[in-house]
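As a basis for the values below, the full set of heavy atoms in this structure was taken, side chains included, without hydrogen atoms, waters or symmetry mates. On a predicted model such as this, the values are computed, not experimentally measured, just so you know.
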Amino acid sequence: MVRRWVRSAGTTGPTGGEGAKPKPAAERVNVVWHKWSDLRLLDHEPLWHAHQRPEPVLHLHLVELQLLAGHARVSGVQRCSPRRKEFWRQCVEDLSERLQERGQHLVVRAVEDPAEFFASLCEQLPILRVYAHQEFCDEELQIEASVRRVLAQHGAELCTYWGALTVHHIDDLGFDARDRNQMPWYKGEFQRAAKRRPIREERQVFRWKGGETAALEHLKSYMESGALARYRGATESFAHGSDNPVNGGTRLSPWLAFGCLSARMVVKEARDWERQHGKSCSTSKGVGKIGSTGNRLHTELLFRDFLRFSALAWGTSLFKIGGPFGVTGIPWRKDLELFEKWRLGQTGFPFVDAGMRELAATGYISHLHRQCCAAFLARDLGLDWRMGAEHFESCLLDHTPDANWGNWAYRILQRPCLAETRRSYPLEEHLNTVEVVVWPAVHDAFLEHTLHWVPELSSLPKDLAREPWRTEGRPLKRIPIKPYQDSPLWFCAANRTNWDYEYFWLPGHAWVVQLGAGAGEHPWRDFQLSRDYFRPLIPALNVEIDLDALPLRHAWGDTPPQLRPHIWGGGLRVPQRSPQETSKGKGGSRRGMSTSTRASGRSPHASSHFERKTHGFVGRTSSLSEAFFQFFQTWADRHLPALPAGQSRPESAGQVWTAVELLQRPF
């Protein structure tokens, strides 16, 4: 068995005599085994079945010491952080209080091995059946099998149920999720199949502070506040503005992870809310494109289902270095010094550092943010991805092995074809996870979230706080960053698919930064890397951005243009789109492109940018400075197509007028 965690102390094993005679049923007791992942009373199928029987019921929760105080096998980090332990304790206390209100009591025991405990329990009580939720990851399945054997030796039975582990019951999928040949490999295929399947009604017996009480209060408050109408989806990387996945979301995941809520309860509440209040679109493209916000919430929970069902099919491969896709040939490292800097949020990349510090302080980090931090560890630092998964498991309040390890293995670990491409790519030359510097531009457009967790950058303008390496470094060379099939840049595959209509504000190039080369004179010379903030662990990128095309309000462009040649345009703005443009949606024109620009066939960035920068210069070429000529050369490289045969770029400022005339030809 591939173990994710080593034992903290001692040895364990199943005990109990062979062929113990069962005691008469009239004297016997049924047990509801509340695991750490189902600490609730509502929508709890094992509990429902136990209370349908005439025998008395004992409610039991086992705190497995290996999960609470064990250490990671690869990185050696603690199994469970203090904050996650506290949340766990609150969930248990709340469950105990809710049971007491109904005349029941929760027995809590700390154990080294559940099988050994049940063997001892059977010696003390006449156990008939133990009711519990099914497991789905390898280590937990091994424990379940051990408990089943021990109970059988004492004439008792372990009754397990899938219940509300997922939105859709495993028996309702229409295929066997345990079979690798039947379980879809990709979430899109799975979602299409699952959305055609029914959702079972919850079974009820009883109606981020841990516990079902707090979970139900939060769910009720979330729905009554109308926040569902603004939901965009935890994985929707193209949802920009204030209601984006980094600072939005339901915040239900810790309660879902600890089983204080069931996922199908959440879907039902969302559907009920929409029936009463109507549907709202989950994107800026209308309800008909991707669906309503309630449907989007269902889609996000289906990705959770996908990973949970996949855990059955993947088995132990989920926890191996090659992952379920069997990736080989990547030279993974176990540099504990680099790992510690990543854990503490000291990478020198503000977006990554903000995420890691938020995780350490709160036990939570948004889905997109954790993916960005994870990709940086695996794809840029080259550290064994399992070290990162172990750290997330230790800290995340919403950790479950399928969701955490599944996201690392499915989203972050490169596929075999990509691993082959990366072997021939100069990975060490610069940042590869481009989302690290691009996503803050649209998901933290006023840098409020980043500066909350990285306050040492607050004295800088927003432009420099997002790219603090610019205070010390200079652009070294320009590289293309537009993604392509199996590109080693951009961990999020959707960036490649949706580039033309979602990343229209990125011209498609970036500059590799050379630190120590001197950034020239600027008003913020009193800020020093290493002293005031961490130097980037790897060479950074200055990504080219057209601020006039950004589809949201933002704070960028607060430094002089000459200090940001890779960022043009400027100022806080609210983009406007004509009704014709809005109606086109995905298949229509690029946002911000006027009708006249589309008709001319010219680049929207070419005309507006050049006219803005050349105002007052056209027709007076003798007064053009070499600085402006250098600007023109940079601009031409970005926007002009290849010149016809026999023509060349201007070689001096005096030739710019000819180039301006050249701009008038359609291209």
Would a distance-only check, ignoring hydrogens and angles, find a side-chain to backbone donor-acceptor pair under 3.5 Å from His34 to His61?
-> no

Donor-acceptor under 3.5 Å (Arg379 side chain, Asn432 main chain) | no

List for me each residue that meets salt bridge (charged side-chain N to carboxylate O under 4.0 Å, His left out) alongside Arg370, sequence neighbours excluded, and say none if there are none.
-> Asp398

Please check if the distance between the ring centroids of Trp33 and His59 is under 6.0 Å.
-> no

Output field: ring centroids His399/His391 closer than 6.0 Å = no

Apply side chain to side chain contact (heavy atoms under 4.5 Å, CB included) to the pair Met183 and Leu312, showing each step before the final yes or no.
-> CA-CA 9 Å; Met183 177 63 198; Leu312 291 166; over 6 Å; no

Tell me yes or no: between the side chains of Thr213 and Asp94, is some donor less than 3.5 Å from an acceptor?
-> yes

Could you pull out all residues at least two apart from Glu274 that satisfy salt bridge (charged side-chain N to carboxylate O under 4.0 Å, His left out)?
-> none

Under 3.5 Å: donor-acceptor pair, side chain of Asp546, backbone of Leu550 = no

Polar side-chain atom of Glu45 near backbone of Gly163 as donor-acceptor pair, under 3.5 Å = yes

In Å and rounded to the nearest 0.5 Å, what is the NE2 to CG distance from His51 to Leu41?
-> 8.5 Å

Counting N and O atoms only, with roles assigned by atom type, does the side chain of Ser262 sit under 3.5 Å from a partner on the main chain of Ala164, one being a donor and the other an acceptor?
-> no

Are Leu359 and Trp453 side-chain neighbours, meaning at least one heavy-atom pair lies under 4.5 Å?
-> no

Steps toward side chain to side chain contact (heavy atoms under 4.5 Å, CB included) verdict (His168, Ile199) = CA-CA 5 Å; His168 295 271; Ile199 299 178; 3.5 Å; yes

Side chain proximity check, His449 to His443, heavy atoms < 4.5 angstrom = no

Looking at residues at least two apart in the chain, or sitting in another chain, which of them share a salt bridge (charged side-chain N to carboxylate O under 4.0 Å, His left out) with Arg343?
-> Glu340

Do the rings of Phe351 and His369 sit parallel, tilted or perpendicular, given the 30° and 60° boundaries?
-> parallel

4.5 Å side-chain heavy-atom contact, Arg180 and Trp314 | yes

side-chain hydrogen bond (donor to acceptor under 3.5 Å, both in side chains) filter on Asp176, not counting sequence neighbours, yields none

Any pair counted as salt bridge (Lys or Arg N to Asp or Glu O under 4.0 Å), so long as it reaches residues 304-313, sequence neighbours left out = Arg308-Asp402

Residues forming a salt bridge (charged side-chain N to carboxylate O under 4.0 Å, His left out) with Glu86, sequence neighbours excluded | Arg89

Distance, nearest 0.5 Å, that separates OH of Tyr131 from CH2 of Trp48 = 10.5 Å

In Lys195, Lys187, Gln191, the residue satisfying side-chain hydrogen bond (donor to acceptor under 3.5 Å, both in side chains) with Thr299 is Lys195

Pairing residues for Asp179 by the side-chain hydrogen bond (donor to acceptor under 3.5 Å, both in side chains) criterion, not counting sequence neighbours | Gln182

Heavy atoms, side chains only, cut-off 4.5 Å: are Thr160 and His133 in contact?
-> no

Output a table of donor-acceptor pairs, distance under 3.5 Å, between side-chain atoms of residues 214-221 and any protein atom two or more places apart or on a different chain; print 'none' if there are none.
from: His218; atom 1: NE2; to: Thr250; atom 2: O; distance (Å): 2.8

Where is the tightest heavy-atom contact between Ala465 and Pro350, given as atom of each residue plus distance?
-> O-CG, 3.3 Å

Would you say the side-chain atoms of Arg102 pair up with the backbone N or O of Gln104, donor to acceptor, closer than 3.5 Å?
-> no

Whether Phe319 and Trp405 hold their rings parallel, tilted or perpendicular, with breakpoints at 30° and 60° | perpendicular

Partner set under ring pair (Phe, Tyr, Trp, His ring centres under 6.0 Å) for Phe306, not counting sequence neighbours = Phe190, Tyr410

Stepwise salt bridge (charged side-chain N to carboxylate O under 4.0 Å, His left out) check, Glu140 with Lys35 = CA-CA 11 Å; Glu140 288 76 11; Lys35 301 178 182 179; over 6 Å; no

When the ring planes of Phe87 and Trp255 are compared, do they come out parallel, tilted or perpendicular, using 30° and 60° as the limits?
-> tilted

How would you list, by chain and number, every residue that makes a ring pair (Phe, Tyr, Trp, His ring centres under 6.0 Å) with His452, sequence neighbours excluded?
-> none

d(Asp353 CG, Cys373 SG) to nearest 0.5 Å is 8.0 Å

I would like to know whether Val63 and Val108 meet side chain to side chain contact (heavy atoms under 4.5 Å, CB included); could you show each step before the answer?
-> CA-CA 7 Å; Val63 178; Val108 181; 4.0 Å; yes

Distance from Asp444 atom CG to Arg466 atom CZ, nearest 0.5 Å?
-> 10.5 Å

Leu141 backbone acceptor or donor facing Glu135 side chain under 3.5 Å | no

CA sep, side-chain torsions, deciding dist, call: Leu106, Arg98, side chain to side chain contact (heavy atoms under 4.5 Å, CB included) = CA-CA 10 Å; Leu106 181 66; Arg98 289 175 66 80; over 6 Å; no

Partner of Phe309 under ring-ring contact (aromatic ring centres under 6.0 Å, His included), chosen from Phe136, Trp162, Phe175 | Trp162

Matching residue for Glu393 among Arg84, Arg386, Arg79 - test: salt bridge (Lys or Arg N to Asp or Glu O under 4.0 Å) | Arg79

Closest non-hydrogen contact found for Cys372 with Trp439 is SG-CE3, 4.1 Å

For the pair Asp38 (side chain) and Phe258 (backbone), establish whether a donor and an acceptor sit closer than 3.5 Å, ignoring hydrogens and angles.
-> no

Tyr222: partners by ring pair (Phe, Tyr, Trp, His ring centres under 6.0 Å), with sequence neighbours left out | none

With sequence neighbours left out, the residues meeting ring pair (Phe, Tyr, Trp, His ring centres under 6.0 Å) with Phe376 are Phe349

Charged N to carboxylate O below 4.0 Å: is that the case for Arg275 and Asp272?
-> yes

Would you say the side chain of Cys91 lies within less than 4.5 Å of the side chain of Cys260, judging by non-hydrogen atoms?
-> yes

Please confirm whether Phe446 and His554 have ring centers closer than 6.0 angstrom.
-> no

Side chain to side chain donor-acceptor pair (under 3.5 Å) between Thr433 and Asp380, worked out = CA-CA 7 Å; Thr433 307; Asp380 287 293; 2.6 Å; yes

